[in-house]
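Just so you know, residue 1 is the first one in the sequence shown, and it goes up from there. Because only heavy atoms are used, hydrogens play no part in the values below, and waters and symmetry mates are left out as well, while side chains stay in.
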Amino acid sequence: MSSAQTVYNEITLDEPSVRTEFMSRFEPDILRFASYMEVAHSLLANYQQEIMEQQSLHHQLPTAFAQAALYMHTQSMRLYMTGHMIPSGNAFRQTLEAVAMMMLCSDRALPFARDFEEGRYSTNKAITHLQRNCHRWGVNKAAIQQLAASEQFCHHFSHVSKGTLAVMIRFADQRIFVGANFDEGKLESYQNDVGNRVNFAQLYPDVFTVVRKNLELPL
C-alpha cells in the first residue's frame, strides 16, 4: 500500500532515476529525434514566412496543426523519457491526428478545413479520412498505413486496457507502481515505442511537401 507521502512525492517531485534509466539506453535515439525535429521546425518557419499574407483556412490551418504536431510530438517523447507512458501515448496520438489534419486541410477540394473551423468535424476521424484521400496527393500508401497502425496502437492508451494496466506493474515481481517508472522487463516494448516516435519525426519533410503541393507553393 502506498503512503500519503509517496503519493504526495509523485505529484510534487520529479524522479531523476527514471529519466537516467531511459537516457542511459536511448540517448542516441533522442539525439536523432532532436535533429529531425530541428528540420521540421525549420520547414514550418519557412512555410509560415511564405503564407504570411494568405488568410484562407487552407493556408492557415496547416500552420496551426503543424505547431500542434511538433509540440505534442516533443512532449510525447519527453513524457516517455520520464516514465509516463500513458500520457505519452495520448500525446503521440494527437501528433498523428494533427499531421493528418495538415494534409487534409491543405486540399481545397476537401471539406475538412471548413468543417473543422465550423465545429462540425472531430479529428479522431482524421487518420481514417487520410487513408481514404491520400491517393489524391500521390502519397506512399504504405507510410499512411504505418501511421494508421501507430494511431491504433496509441488508441489503447486512451482507454483502460491491458496495455495501460501493464504499464503500472513491474513484470519481475508484480509490484504496482504509483507513478513514473522504468521496468527492465519492458525494454523491448520501450525500444519499439521510442523507435516509432523517432522514425515518425523523419516524415515531416514529406508532409510539408504534400501541403505545399496542395497549395501550389514552390517545393
**Pairwise distance CG(N124) to CD(E151) - rounded to 0.5 angstrom** = 8.5 Å

Go through the structure and list residues passing ring pair (Phe, Tyr, Trp, His ring centres under 6.0 Å) with [X], not counting sequence neighbours.
| X | value |
| --- | --- |
| Y121 | F112, H129 |
| F153 | F157 |
| H155 | H159 |
| Y36 | none |

**Fill in**
So the side-chain hydrogen bond (donor to acceptor under 3.5 Å, both in side chains) pairs with at least one residue in residues 160-172 (sequence neighbours excluded) are R170-D173

**Message:** Under 4.5 Å side-chain heavy-atom separation, chaining through any Ile, Leu, Val, Met, Phe, Trp or Tyr, what else clusters with L219? Say none if it is isolated.
**Reply:** none

**Request:** Hydrophobic side-chain clustering at under 4.5 Å (ILVMFWY, transitive links): who's grouped with I169? Put none if nobody.
**Result:** I176

Counting only pairs under 3.5 Å, give me each side-chain donor-acceptor contact of residues 177-184, with atom names and distances, residues two or more places apart or in other chains.
| from | atom 1 | to | atom 2 | distance (Å) |
| --- | --- | --- | --- | --- |
| N181 | ND2 | G179 | O | 2.9 |
| D183 | OD1 | G185 | N | 2.9 |
| D183 | OD2 | F171 | N | 2.9 |
| D183 | OD2 | K186 | NZ | 2.7 |
| E184 | OE1 | R25 | NH2 | 2.8 |

**Item:** Any donor-acceptor pair under 3.5 Å from T12 side chain to Y8 backbone
**Value:** yes

Name all residues meeting the side-chain contact (heavy atoms from CB on, under 4.5 Å) criterion together with [X]; count only those two or more places apart in sequence or in a different chain, and write none if there are none.
| X | value |
| --- | --- |
| A113 | L57, H58, L61, C105 |
| A66 | L44, M102, F208 |
| E118 | R114, R120 |
| T128 | R132 |

